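Predicted model only: the values in this text are computed from it and were never measured. Chain A is the first sequence line, chain B the second, and so forth, proteins listed ahead of strands; every chain is numbered from 1.
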Amino acid sequence: MTTTKIRTRFAPSPTGFLHVGGARTALFNWLYARHYGGTFVLRIEDTDLERSTEESVDVILEGMRWLGFDWDEGPGPDGDIGEFAPYFQSARLDIYKSYIKKLLDEDKAYPCYCTPEELRQRREASLARGEDPKYDRRCADLIQSEREALALEGRESVIRFRSSDEGSTVVNDLIHGEIIFDNAMLDDFVVLKSDGTPTYNFAVVIDDHLMEITHVIRGDDHISNTPRQIQVYEALSFPLPEFAHLPMILGSDKTRLSKRHGATSVTEYRDAGFVPEALDNYLALLGWSFSASDTLFTTQELIEKFTLERVSKNPAVFDMKKLEWMNGVYIREMPIERLTELVLPRLQEAELLPHEIDAETRQRVKQIASSLQSRLRTLADFVPSSRYFFTDEIHYDEAAVDEFLYQDHIPEMFEMLHAGLKNLQAFGESDIEQVFRGVQKHLGMKLGEVIQPVRVAITGTRISPGMYEVLAILGQERTCRLLENVITKVKTELSKA
RNA sequence: GCCCCCAUCGUCUAGUGGCCUAGGACGCCGCCCUCUCACGGCGGUGGCAGGGGUUCAAAUCCCCUUGGGGGUACCA
């Protein structure tokens, strides 16, 4: 057992939405902390002043809450919470500067006056010569007077880290094992930009150290950055945390998951009718597995079973079909009351229900939800599938109407059904079934030959829950009225032909 | 270009040298249930990238090739 308390963090940069890849990283950090009774920190890496926005921070926090990833330290409703505040990098600039000063004082870093344009040209030139496009260190050994002269030219400076060309740097990764980098491959990278903000590779080290992060769990696109960071740790005599690099999430064409592949933001999945537990469960399986046979895990089980040892090394392709299946499982297994509550706002949104919902309506929606529960893959499916329960304006599937309704025997058959249904004292499923059976027997038809036309008449389509159930929910009055409407419609059409 | 990571069914994966004639899940196909569609049940299709080694024995270890991904920014 470890004696030090585990501390993990998720450190998104607020330049857009909470990406599913980011959500997966957050999930693993969160699960790891919860599994070991550690602390989960949320830190906002907003040092890119150009691209970071406040709205993006809100969207990310909202996504985190929706997914259920509660953080112990980080942004709170009234400012940052936690002993290592602030948790926004933009509010920690003085801290970074003090460490920059330390590096400068010890000659482990130096100011560089090359402009981005000059750097770009030299990089391209060396690439064209077939050389490594490394920074050429022309500012590495400037003397004070030279620096002043460059500054006098109006040049802005950045601070570069003086990296060693000797030896190698070893990344000891919990998932990948030892990864060795030749130090000669690393150049003197920028640690402080000319606008006074630190670069990622520097700030991440300072913060992870100061916030006492014990396990740095992140996407494996950061592997190549890790040796740079390790050199910073060493230059500042900080102890190294453990590193664990997660496999990336890819799109169906095996390239990095992006907009081209469909929805990538957590918000989109929420809006599309996915439930958070399903997304958590699915995301957990992207890079982690528990056994040869288990795939369904409640969030609590995920916490209990999650370990880094069972994280795989290979990249995972995001499979929407499997997510949909899993979401369907969660919808099927949730209490009907919850499904009802989740679906009400969507029905209001579609203007199928008023803003005020009374107990009777809620009860009715509950019945409908119950009839549709096994047929949903997303909550969004509910609206089109239940439309006819709420409005007489039926959208007819023309082909189905031609096939089932515009037949000579339909008016007579429907009139028999109408008469039978109208006379019922009670309008339960079994009562309705009696009427259908009677008509079917009388006409010498198969049950389906009676029911399917009714289905098309009532729902407009050939697909719905059991017919007796649908009619019972609709109620005697509406059922009879809808039948009457259809009988007229069919007669009119037949007389035309 | 250079550096790094990765490589089992279409997809997610189990597999840590003999238990593998390679297991599960999604998808797909078929059958059953059945008033349609779902659900559910049953069955099927389908894979160790290629080549060399090591070993009595390799999906499992090593090397090479190939393929994919990432990095090489005053983005994170």
Side-chain angles (χ1 to χ4, degrees), chain A residues 11-15 45-48 50-52 89 112 114-116 119-120 123 126-134 156-160 171 173 176 179-182 184-187 189-195 197-201 203-204 218-228 245 247-248 250 252-256 282 285-296 310 312-326 328 332 372-377 385 400 433 436 440 446-452 454-456 459 461-468:
Chain A
S13 91
T15 54
E45 305 213 331
D46 56 352
T47 54
D48 184 347
E50 301 280 307
R51 301 194 299 149
S52 300
Q89 289 190 329
C112 165
C114 301
T115 66
L119 256 13
R120 191 187 59 80
R123 189 162 42 234
S126 57
L127 221 37
R129 272 182 261 116
E131 295 166 11
D132 278 348
K134 289 169 58 175
E156 291 184 319
S157 67
V158 299
I159 305 301
R160 283 184 185 273
V171 177
D173 189 279
H176 297 268
I179 306 168
I180 300 167
F181 293 84
D182 194 339
M185 293 310 304
L186 306 176
D187 60 2
F189 55 96
V190 174
V191 285
L192 191 74
K193 302 180 232 173
S194 57
D195 65 2
T197 59
T199 57
Y200 167 74
N201 281 130
V204 73
R218 82 242 286 199
D220 68 16
D221 47 335
H222 286 292
I223 288 182
S224 302
N225 285 141
T226 311
R228 279 174 248 280
H245 288 95
M248 311 228 8
L250 274 23
S252 48
D253 58 358
K254 303 231 177 186
T255 63
R256 200 189 187 112
Y282 179 70
L285 261 26
L286 250 27
W288 174 84
S289 65
F290 178 66
S291 69
S293 56
D294 298 338
T295 48
L296 261 14
R310 297 206 57 89
S312 88
K313 292 194 261 204
N314 23 344
V317 172
F318 191 89
D319 182 2
M320 185 60 117
K321 280 272 175 46
K322 189 162 184 174
L323 205 213
E324 285 175 351
W325 162 78
M326 194 169 278
R332 254 171 265 139
L372 252 20
Q373 192 164 22
S374 71
R375 281 162 253 259
L376 304 170
R377 287 181 100 69
S385 306
E433 177 168 8
F436 274 79
Q440 173 228 338
K446 289 184 191 165
L447 226 210
E449 292 175 314
V450 179
I451 286 184
Q452 203 56 0
V454 174
R455 172 168 284 116
V456 174
T459 71
T461 73
R462 7 163 68 109
I463 296 167
S464 87
M467 216 50 228
Y468 311 140

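There is no side-chain donor-acceptor pair under 3.5 Å between A:Asn201 and A:Thr199.
Remark: A:Ser126 engages no residue in a side-chain hydrogen bond (donor to acceptor under 3.5 Å, both in side chains) (not counting sequence neighbours). Applying the salt bridge (charged side-chain N to carboxylate O under 4.0 Å, His left out) test to A:Asp173 and every residue at least two apart in sequence or in another chain returns nothing. Taking A:Ser252 as the reference, A:His261 meet the side chain to side chain contact (heavy atoms under 4.5 Å, CB included) condition, with sequence neighbours excluded. Residues satisfying the salt bridge (charged side-chain N to carboxylate O under 4.0 Å, His left out) criterion with A:Arg310, sequence neighbours excluded, are absent altogether. With sequence neighbours excluded, the residues forming a salt bridge (charged side-chain N to carboxylate O under 4.0 Å, His left out) with A:Glu433 are A:Arg437, listed by chain and number. Residues meeting the ring-ring contact (aromatic ring centres under 6.0 Å, His included) test with A:Phe436, sequence neighbours left out: A:Tyr468. Listed by chain and residue number, nothing satisfies the salt bridge (charged side-chain N to carboxylate O under 4.0 Å, His left out) test with A:Asp319 (two or more places apart in sequence, or in another chain). Residues passing the side chain to side chain contact (heavy atoms under 4.5 Å, CB included) test with A:Pro14, sequence neighbours excluded: A:Ile44, A:Asp46, A:Ser52, A:Ser56, A:Val57, A:Ile60. Take A:Phe290 and apply the ring-ring contact (aromatic ring centres under 6.0 Å, His included) test, not counting sequence neighbours, and it matches no residue.
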Between the protein and nucleotides 15-19 of chain B, which nitrogen or oxygen pairs are less than 3.5 angstrom apart?
unit_1: B:G15; atom_1: OP1; unit_2: A:Arg310; atom_2: NH1; d: 3.4

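When the C1' atom is used for both B:G10 and B:C19, the distance is 29 Å, rounded to whole Å. If you take atom C1' in B:A22 and the same atom in B:U60, they sit 11 Å apart, rounded to whole Å. The gap from the P atom of B:G24 to that of B:G44 amounts to 9 Å, rounded to the nearest Å. Rounded to the nearest Å, the gap between the C1' atom of B:C63 and that of B:U54 is 11 Å. B:C56 and B:A14 have their P atoms separated by 30 Å, with the value rounded to a whole Å. For the P atom pair drawn from B:G46 and B:A38, the interatomic distance equals 25 Å after rounding to whole Å. Nucleotides B:G23 and B:G47, compared at atom P, are 12 Å apart to the nearest Å. The gap from the C1' atom of B:U72 to that of B:G17 amounts to 39 Å, rounded to the nearest Å.
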What string of B, S and - do you get for nucleotides 28-42 of chain B, 5' to 3', if B is base contact, S is sugar-phosphate-only contact and - is no contact with any protein heavy atom under 4.0 Å? -------BBBBSS--
Going 5' to 3' through nucleotides 67-76 of chain B and flagging B where a protein heavy-atom sits under 4.0 Å of the base, S where only the sugar-phosphate is that close, and - otherwise, we get -SSBSSSBBB
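To the nearest angstrom, P of B:G27 lies 14 Å from CE of A:Met320. Per the geometry, CG belonging to A:Leu286 stands 16 Å off P belonging to B:C26, to the nearest Å. Separating the CD atom of A:Glu324 from the C1' atom of B:U11 is a distance of 14 Å, rounded to the nearest angstrom. A:Leu127 places its CG atom 14 Å from the P atom of B:C3, with the value rounded to the nearest Å. Atom CG in A:Asn314 sits roughly 16 Å away from atom C1' in B:G10 (whole-Å rounding). Atom CE in A:Met326 sits about 11 Å away from atom P in B:G27, given to the nearest Å. A straight line from CD1 of A:Ile180 to C1' of B:C3 spans 13 Å, rounded to a whole angstrom.
Classification of the A:Phe318-A:Tyr282 ring pair by plane angle, with boundaries at 30° and 60°, yields perpendicular.
Nucleic acid contact for A:Gly287: sugar-phosphate only, since backbone atoms but no base atoms lie under 4.0 Å from a heavy atom of the residue.
Nucleotide B:G40: paired with B:C32 (Watson-Crick or G-U wobble, both distances less than 3.5 Å). Base-pair partner of B:G67: B:C6 (Watson-Crick or G-U wobble, both distances under 3.5 Å). Partner assigned to B:G1 is B:U72, using Watson-Crick or G-U wobble distances below 3.5 angstrom. Taking a pair to require two hydrogen-bonding distances under 3.5 Å in either a Watson-Crick or a G-U wobble arrangement, B:G46 remains unpaired. Across all strands shown, B:A59 forms no Watson-Crick or G-U wobble pair with both distances under 3.5 Å.
Residues A:Phe181 and A:Val171 meet the side-chain proximity criterion, which asks for heavy atoms closer than 4.5 Å.
Each of A:Glu131 and A:Phe181 has a nearest nucleotide on RNA chain B; the 5'-most of these lies closest to A:Glu131.
The base of B:A7 has none of its N or O atoms less than 3.5 Å from a complementary donor or acceptor on the side chain of A:Lys313.
Separation of atoms CD1 (A:Ile451) and NZ (A:Lys446) is listed at 13.5 Å; rounding is to 0.5 Å.
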